[in-house]
Amino acid sequence: MLAAVTTTVATGCSSVDRRAVRDAQLDGAVVEAVVRDAVERDTGAEPEQIVEAVEQELSNQGQVRWWERSSTGGGSAAWQLLVVGSAEEQGVIGYESVFANLCVEITLEYTTREVRLTDVDCPEEADAPRDGIDADLAQ
């Protein structure tokens with residue numbers, strides 16, 4: 001038990017915290033793959049059709065807790081979204097449930113079909129769990 005406490009204090013992050021963050025990162029990777037697939041599937045489509053396809057995919061993803069279009073036009077479109085990871089663990093004091101909030105902006109360049117993810121701060125309207133850990137994109 002002392003080793004686990006020492007590890008938590010030394011790293012500032014327990015194993016359940018790390019699992020919640022990893023869960024959010026994995027869900028973010030799934031969403032990225034789904035968006036890339038939607039863009040590749042509609043290769044001959046007009047930009048408006050691609051935007052509609054991406055937004056349909058975002059709406060259908062259980063991993064995405066909140067999203068909104070942050071910009072469109074000028075050869076690109078961007079969306080901000082929130083993915084929440086979670087992990088649970090039975091500890092010495094009781095049951096522990098941890099959430100990790102991952103907010104990203106997905107940018108799509110129309111001409112190159114490039115999809116980029118950028119880590120952003122969660123906007124207030126995302127209504128992220130207040131006690132959630134701030135997760136970053138996996139490196």
Side-chain angles (χ1 to χ4, degrees):
M1 181 66 182
L2 181 58
V5 171
T6 304
T7 302
T8 301
V9 171
T11 63
C13 193
S14 70
S15 66
V16 70
D17 292 349
R18 285 190 298 274
R19 288 197 321 267
V21 167
R22 186 68 184 141
D23 186 50
Q25 291 170 336
L26 291 172
D27 285 349
V30 167
V31 172
E32 178 183 13
V34 166
V35 169
R36 286 183 190 281
D37 185 55
V39 170
E40 290 172 11
R41 189 177 54 238
D42 296 326
T43 54
E46 294 295 318
E48 301 84 28
Q49 294 169 312
I50 297 171
V51 167
E52 287 176 17
V54 168
E55 291 181 353
Q56 182 66 42
E57 292 296 340
L58 290 175
S59 295
N60 292 335
Q61 290 303 305
Q63 296 94 338
V64 178
R65 183 151 169 182
W66 168 89
W67 69 270
E68 77 174 10
R69 189 182 319 164
S70 54
S71 68
T72 186
S76 67
W79 299 266
Q80 287 191 348
L81 57 95
L82 164 65
V83 176
V84 178
S86 64
E88 300 165 342
E89 182 173 271
Q90 178 66 41
V92 176
I93 332 175
Y95 193 70
E96 181 180 13
S97 184
V98 175
F99 296 100
N101 304 321
L102 174 62
C103 284
V104 296
E105 182 167 83
I106 297 177
T107 304
L108 163 64
E109 297 293 333
Y110 296 133
T111 55
T112 62
R113 308 287 185 180
E114 179 185 4
V115 175
R116 285 187 318 275
L117 265 70
T118 308
D119 191 82
V120 296
D121 291 333
C122 289
E124 190 68 31
E125 60 269 18
D127 197 27
R130 298 211 188 297
D131 58 349
I133 300 165
D134 181 26
D136 295 321
L137 288 169
Q139 297 300 321

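Side chains are part of it too, since the values below use all heavy atoms of this structure and drop only hydrogens, waters and symmetry mates.
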Starting at [atom1] of [X], measure out to [atom2] of [Y] and round the result to the nearest 0.5 Å.
X   : Y   : atom1 : atom2 : result
Q56 : Q61 : CD    : CD    : 10.5 Å
I50 : R41 : CD1   : CZ    : 11.0 Å
L81 : Q63 : CG    : CD    : 10.5 Å

D127: side-chain hydrogen bond (donor to acceptor under 3.5 Å, both in side chains) partners, not counting sequence neighbours: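 Expected list: none.
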
Which residues share a side-chain hydrogen bond (donor to acceptor under 3.5 Å, both in side chains) with E89, sequence neighbours left out: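 Only S15, R19 meet the side-chain hydrogen bond (donor to acceptor under 3.5 Å, both in side chains) criterion with E89.
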
Cluster question for you: counting only ILVMFWY and a side-chain heavy-atom cut-off of under 4.5 Å, with indirect links fine, are [X] and [Y] together?
X    : Y    : result
V120 : W67  : no
V115 : L102 : yes
V30  : L108 : no

Closest approach of C103 to P123 (non-hydrogen atoms, all atoms of both residues):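 It is SG-CD, 4.4 Å.
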
Heavy-atom pair with the smallest gap, counting every atom of V21 and A135: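 The answer is CG1-CB, 4.0 Å.
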
Short side-chain to backbone donor-acceptor contact, Q25 and D136, under 3.5 Å: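 Here the side-chain-to-backbone pair exists.
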
Heavy-atom donor-acceptor pair, R113 side chain to V39 backbone, under 3.5 Å: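 Here the side-chain-to-backbone pair does not exist.
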
Connected-component partners of F99 among ILVMFWY, side-chain separation under 4.5 Å: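 Once heavy-atom contacts under 4.5 Å are chained together, F99 belongs with W66, L82, V84.
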
ILVMFWY cluster membership beyond L26 - transitive side-chain contacts under 4.5 angstrom: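 Joined to L26, directly or through intermediates: none.
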
Crowding at CG, D37 (>12 non-hydrogen neighbours, <6.0 Å):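 Yes, enclosed.
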
CD (E124) with more than 12 external heavy atoms under 6.0 Å: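 Atom CD in E124 is not packed in, count stays at 12 or less.
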
Any side-chain heavy-atom pair of V34 and N60 under 4.5 Å: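 In short, these two side chains do not touch, never coming nearer than 4.5 Å.
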
Test item: V104 and L137 side chains (from C-beta on) under 4.5 Å apart, heavy atoms: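 Yes, close enough: below the 4.5 Å cut-off.
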
Kindly list each side-chain donor-acceptor pair under 3.5 angstrom involving residues 69-78, sequence neighbours excluded, with atom names and distances?
unit_1: R69; atom_1: NE; unit_2: E55; atom_2: OE2; d: 2.6
unit_1: R69; atom_1: NH2; unit_2: E55; atom_2: OE1; d: 3.0
unit_1: R69; atom_1: NH2; unit_2: E55; atom_2: OE2; d: 2.9
unit_1: S70; atom_1: OG; unit_2: A78; atom_2: O; d: 3.3
unit_1: S70; atom_1: OG; unit_2: E105; atom_2: OE2; d: 2.9
unit_1: T72; atom_1: OG1; unit_2: Y110; atom_2: OH; d: 3.2

side-chain hydrogen bond (donor to acceptor under 3.5 Å, both in side chains) contacts in which one or both residues fall within residues 93-104, not counting sequence neighbours: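 Output for this query lists E88-Y95.
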
